Amino acid sequence: MSEGKKKKTKKNILIFIALLLTAAAVISGKILNNSQIAKLQASVYTLEPGKIEKTISANGVVSGADSAEISSVLSLEVVAVNVKEGDKVQKGDILASLDNKALKSDYDMALKDVQIAKKQLEEQKSSARLASDERLLDFDEAKRQNDIAKELFQEGSISKDELVQSDLVLEKANFALNAAKDALNKASDTGAAALGLQIKQEILASKKDNLDKANIKSPIKGTVTRVNTKVGRIPSAQDQMKALFVVENLDNLLINISISEYDISNIKLGQTVRITSDVLGLGNSLEGKVSRIAPTGESVAGSATKEMRIPVEIKITSPDNKMLAGVNAKADILIAKKENVLTLPLEAILVENEASFVLLGNDNIIKKIPVSTGIEGLTSVEVISDQLKAGDKVILNPSEEMTEGREFTVAE
């Protein structure tokens with residue numbers, strides 16, 4: 001190959017290498033530019049006026065507003081169960097009956113003792129009253145005769161001995177009258193005979209109470225929600241751990257929850273409560289009100305902290321109430337609410353030197369805007385700034401590279 005051809009070939013190779021280097025530089029530049037652009041991509045949120053709510057949430061168990069766990073202290077066989085779960089009962093209705101034969105016999109004997117004691121007391125009172133009346137007549141006659149004797153003695157018609165004899169008759173009549181009065185008092189309602197009657201009446205009342213307990217009654221109006229007994233069973237001390245019957249007023253349902261001592265200052269009587277539960281179905285809820293706040297707190301069992309919990313009662317107020325007693329429910333207590341305010345997701349708020357700010361992204365140019373925050377909800381917060389308005393674009397989850405003045409593209 002000639003020298004000229006060699007030089008020409010070498011020149012072509014150099015030109016080709018130069019073109020390759022140029023192409024590589026262009027490609028590298030595009031990759032770098034694309035990388036920078038990717039780093040400055042951001043998601044944005046459009047500000048719009050809306051509603052924000054702050055709530056405190058707690059879980060609890062639904063129960064009747066009034067409930068009773070009914071057991072028996074008598075170890076007697078159940079001979080009748082008159083209700084089943086779901087039955088509605090009135091106060092005083094008999095839910096079950098126990099074998100009362102022995103109790104009835106004891107009551108009948110005590111009743112007979114009282115009747116006999118009453119009759120004896122009346123006979124004693126009648127006899128004592130009659131004797132007292134007779135002694136009073138005797139005394140009155142002796143007094144009349146004594147007054148005559150005194151006049152006759154003054155006239156000299158009778159002797160001193162005869163007057164003394166009249167005085168003795170009057171004294172004896174007076175003594176007999178006082179004795180009769182004492183006997184009448186002893187036979188009265190405050191005497192020994194009456195005290196004996198009272199003791200027998202107390203025994204009778206005790207026997208009647210036991211007899212009444214053989215009929216297990218509902219102490220409240222409501223619905224029978226549990227029946228834990230059957231005919232032939234004998235209630236025992238073990239049954240005190242599990243009631244024979246549970247009756248609840250299901251017309252008015254409650255949720256009992258507990259609130260941390262750090263949050264209880266935000267809870268007030270009458271606050272609105274949103275209630276959700278699996279039994280209501282997804283997206284469904286009921287309304288309630290805070291109806292009671294306990295005056296004292298309770299320690300949390302098994303907790304390593306000293307945090308106290310305060311019992312709070314929620315009354316379900318929705319008229320179309322499909323809630324069931326005994327199920328779990330969640331109560332969201334509304335403690336603050338605002339309408340027609342600007343809100344942002346919590347991830348849009350940045351804090352620097354204890355001051356809050358957001359990154360405004362109008363026209364794809366980053367601008368730092370100081371803000372104040374108001375009501376904070378579960379996922380959003382009220383923002384207050386005279387530099388923000390409806391329609392503004394605010395960057396979500398901003399990164400460190402997103403500094404003021406930088407351009408960015410909105411992530412798809």
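Predicted, not measured: the structure shown is a model, and the values here were computed from it. One-based numbering along the sequence shown.
The main-chain N or O of Lys181 is never found under 3.5 Å from a side-chain atom of Arg135 such that the two would form a donor-acceptor pair. Glu261 places a side-chain N or O within 3.5 Å of a backbone atom of Met308 that can act as its donor or acceptor partner. Looking only at distances, no side-chain donor or acceptor of Ser43 sits under 3.5 Å from a matching main-chain atom of Ala411. When atom types are taken as modelled, the side chain of Glu347 and the backbone of Leu396 share no donor-acceptor pair closer than 3.5 angstrom. Judged by distance alone, with hydrogens and angles left aside, the side-chain atoms of Glu85 form a donor-acceptor pair with the main-chain N or O of Val227 at under 3.5 Å. In terms of modelled atom types and a separation under 3.5 Å, the side chain of Gln145 and the main chain of Ala142 share no donor-acceptor contact. Proximity of a side-chain donor or acceptor of Asp138 to a complementary backbone N or O of Ala173 within less than 3.5 Å is not detected. Of the possible polar contacts, none joining the Asn178 side chain to the Phe175 backbone as a donor-acceptor pair under 3.5 Å is found. Looking only at distances, a side-chain donor or acceptor of Ser277 sits under 3.5 Å from a matching main-chain atom of Asn328.
Interatomic distance, CD1 of Ile267 versus CD1 of Ile257, reported as 7.0 Å (0.5 Å rounding). Once rounded to the nearest 0.5 Å, the distance linking CG of Asp147 with NZ of Lys143 reads 3.5 Å. Asp66 contributes atom CG, which lies 11.0 Å from atom CG of Leu250 (distance to the nearest 0.5 angstrom). For the atom pair NZ of Lys200 and CG of Leu197, the computed distance is 8.0 Å after rounding to the nearest 0.5 Å. Atom CG in Asp182 sits 9.5 Å away from atom CG in Leu177 (nearest 0.5 Å). Between the OG atom of Ser105 and the CG atom of Asn100 there is a distance of 11.0 Å, given to the nearest 0.5 Å.
Annotation: Glu407, atom CD; neighbour count of heavy atoms from other residues, nucleotides and ligands within 6.0 Å does not exceed 12. A 6.0 Å sphere centred on NZ of Lys268 holds more than 12 heavy atoms belonging to other residues, nucleotides or ligands.
For Ala205, there are no side-chain contact (heavy atoms from CB on, under 4.5 Å) partners two or more places apart in sequence or in a different chain. The salt bridge (Lys or Arg N to Asp or Glu O under 4.0 Å) test applied to Lys330 returns Asp332, not counting sequence neighbours. Shown here are the side-chain contact (heavy atoms from CB on, under 4.5 Å) partners of Asp108, two or more places apart in sequence or in another chain: Lys104.
Taking all atoms of both residues into account, the shortest heavy-atom contact from Ser385 to Val371 is CB-CG1, 3.8 Å. Of all non-hydrogen atoms in Ile275 and Leu280, the two that sit nearest each other are O-CD1, 3.9 Å. Between Ile310 and Ser260, the closest heavy-atom pair is CD1-C, 4.4 Å. Nearest heavy-atom pair, Leu40 versus Glu401, reported as atom, atom and distance to 0.1 Å: CD2-O, 3.9 Å. When all heavy atoms of Lys217 and Ile94 are compared, the pair lying nearest together is CG-CG1, 4.1 Å. When all heavy atoms of Ser285 and Thr276 are compared, the pair lying nearest together is CB-CG2, 3.8 Å.
Residues Leu269 and Ile293 meet the side-chain proximity criterion, which asks for heavy atoms closer than 4.5 Å. Residues Val290 and Ile314 are in side-chain contact: their nearest non-hydrogen atoms beyond the backbone lie under 4.5 Å apart. The shortest side-chain heavy-atom distance between Pro370 and Gln387 falls under the 4.5 Å cut-off. Side-chain contact check for Val312 versus Ile264: some heavy-atom pair is nearer than 4.5 Å. The shortest distance between side-chain heavy atoms of Asn256 and Val61 does not fall below 4.5 Å. Side-chain atoms of Val247 and Val224, non-hydrogen and from C-beta on, do get closer than 4.5 Å to each other. Counting heavy atoms from C-beta outward, Leu47 and Leu344 have side chains that approach closer than 4.5 Å. With a 4.5 Å cut-off on side-chain heavy atoms, Val383 and Thr343 do not count as touching.
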(message) One pair to check against side chain to side chain contact (heavy atoms under 4.5 Å, CB included): Ile70 and Leu244. What are the steps and the verdict?
(response) CA-CA 6 Å; Ile70 306 158; Leu244 300 179; 5.8 Å; no
(request) Let me see the working for Tyr107 and Asp212 under side chain to side chain contact (heavy atoms under 4.5 Å, CB included), right down to the final yes or no. (result) CA-CA 11 Å; Tyr107 172 79; Asp212 289 343; over 6 Å; no
(request) Let me see the working for Glu404 and Lys367 under side chain to side chain contact (heavy atoms under 4.5 Å, CB included), right down to the final yes or no. (result) CA-CA 5 Å; Glu404 184 153 7; Lys367 183 178 181 181; 3.7 Å; yes
(request) Begin from the C-alpha positions of Ile203 and Asp113 and carry the test side chain to side chain contact (heavy atoms under 4.5 Å, CB included) through to its verdict. (result) CA-CA 10 Å; Ile203 294 173; Asp113 287 343; over 6 Å; no
(message) Determine whether Ser218 and Lys91 satisfy the following criterion, side chain to side chain donor-acceptor pair (under 3.5 Å), listing intermediate values before the conclusion.
(response) CA-CA 5 Å; Ser218 176; Lys91 181 178 179 179; over 6 Å; no
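The pair Arg274-Glu53 does not count as a salt bridge, with every side-chain nitrogen at least 4.0 angstrom from each carboxylate oxygen. The existence of a salt bridge linking Asp140 and Arg144 is excluded, since no basic side-chain nitrogen approaches an acidic carboxylate oxygen closer than 4.0 Å. For the pair Glu339 and Lys337, the salt-bridge criterion is met [side-chain N within less than 4.0 Å of a carboxylate O]. In this structure, Lys119 does not pair ionically with Glu122, as no charged nitrogen and carboxylate oxygen lie closer than 4.0 Å. A salt bridge does not link Asp133 to Arg129: none of the charged nitrogens lies less than 4.0 Å from a carboxylate oxygen. Here Lys389 pairs with Asp392 in a salt bridge; the nearest charged N to carboxylate O distance falls below 4.0 Å.
Screening Asn364, Thr46, Asn362 for a side-chain hydrogen bond (donor to acceptor under 3.5 Å, both in side chains) with Lys393, the sole residue that qualifies is Thr46.
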